[in-house]
Amino acid sequence: MALVWDNHMRPPSTRPPGTPVKPNTLTIASLLSIILLPFHIGGDVALGFDRGGSGLVFVVVPILLVVACGTLLLAERRSGHVIMFLGGLAALAMPIIHRNNGFTAAVAKSPGGLFFIWTLIALGVTGGLAMILSARGLWNLRSRKT
């Protein structure tokens with residue numbers, strides 16, 4: 001009995017080039033970045049890297065809201081991919097910004113320091129992955145239009 005393969009059942013190695021990434025993969029990477037960023041910002045405030053306050057809330061909440069809307073409402077559109085790319089860039093920038101003061105023994109030994117460092121690394125990974133997947137999605141959207 002021969003198996004009949006459709007586009008959803010086809011093994012990844014036999015998919016034609018330009019087949020889009022499963023939207024779930026990009027959505028999950030972007031959502032993980034959205035979840036990790038508030039933990040990171042809380043660590044910034046707790047460890048004294050940022051003074052916190054209401055100004056921080058008025059900046060962070062709208063940015064996370066835009067990235068969440070891009071991830072959940074616009075996932076299949078070009079604008080959603082651009083928003084997720086920029087959100088991934090922001091997440092990837094966090095470990096780079098903290099490269100001199102965040103990855104130190106003093107931070108690691110402080111209360112919550114290990115989680116702070118772990119969050120920085122996880123943000124870099126999920127942000128980089130979201131950037132790669134959204135760039136690939138943008139490329140595939142471009143090649144489908146022509």
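Keep in mind the model is a prediction, meaning the values are calculated, not measured.
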Tell me, with the steps shown, if L74 and I83 meet side-chain contact (heavy atoms from CB on, under 4.5 Å). CA-CA 9 Å; L74 304 170; I83 290 170; 4.1 Å; yes
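In the hydrophobic clustering (ILVMFWY side chains linked at under 4.5 Å, chained through shared members), V57 is joined by V61.
L133 approaches L26 most closely through the heavy-atom pair CB-CD1, 3.7 Å.
Screening residues 58-80 for ring-ring contact (aromatic ring centres under 6.0 Å, His included), with sequence neighbours left out, gives no hits. Residue pairs that meet the side chain to side chain donor-acceptor pair (under 3.5 Å) test with at least one member in residues 54-68, sequence neighbours left out, do not exist here.
For the pair R136 and W139, the cation-pi test (distance below 6.0 Å, angle within 45°) is failed.
L86 is not listed as a side-chain neighbour of V67, based on a closest heavy-atom distance of 4.5 Å or more.
Qualifying side-chain hydrogen bond (donor to acceptor under 3.5 Å, both in side chains) partners for S134, counting only residues two or more places apart in sequence or in other chains: none. Under the rule for a side-chain contact (heavy atoms from CB on, under 4.5 Å), the partners of L138 that lie at least two apart in sequence or sit in another chain are R78, H81, V82.
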Please set out all donor-acceptor pairs under 3.5 angstrom arising from side-chain atoms of residues 35-52, sequence neighbours excluded.
{"from": "H40", "atom 1": "NE2", "to": "D44", "atom 2": "OD2", "distance (Å)": "3.2"}
{"from": "H40", "atom 1": "NE2", "to": "H98", "atom 2": "NE2", "distance (Å)": "3.3"}
{"from": "D44", "atom 1": "OD1", "to": "H98", "atom 2": "NE2", "distance (Å)": "3.2"}
{"from": "D50", "atom 1": "OD1", "to": "G52", "atom 2": "N", "distance (Å)": "3.2"}

Do any side-chain atoms of residues 118-131 form donor-acceptor pairs under 3.5 angstrom with protein atoms, and if so which ones, sequence neighbours left out?
{"from": "T119", "atom 1": "OG1", "to": "F115", "atom 2": "O", "distance (Å)": "2.7"}
{"from": "T126", "atom 1": "OG1", "to": "S33", "atom 2": "OG", "distance (Å)": "2.9"}
{"from": "T126", "atom 1": "OG1", "to": "A122", "atom 2": "O", "distance (Å)": "3.0"}
{"from": "T126", "atom 1": "OG1", "to": "L123", "atom 2": "O", "distance (Å)": "3.4"}

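With rounding to the nearest 0.5 Å, the separation of CG in N24 from CG in L31 is 10.0 Å. The structure places OG of S30 at 8.0 Å from CG of L72, a figure rounded to the nearest 0.5 Å.
If you chain together hydrophobic residues whose side chains sit under 4.5 Å apart, L56 and M94 fall into the same group.
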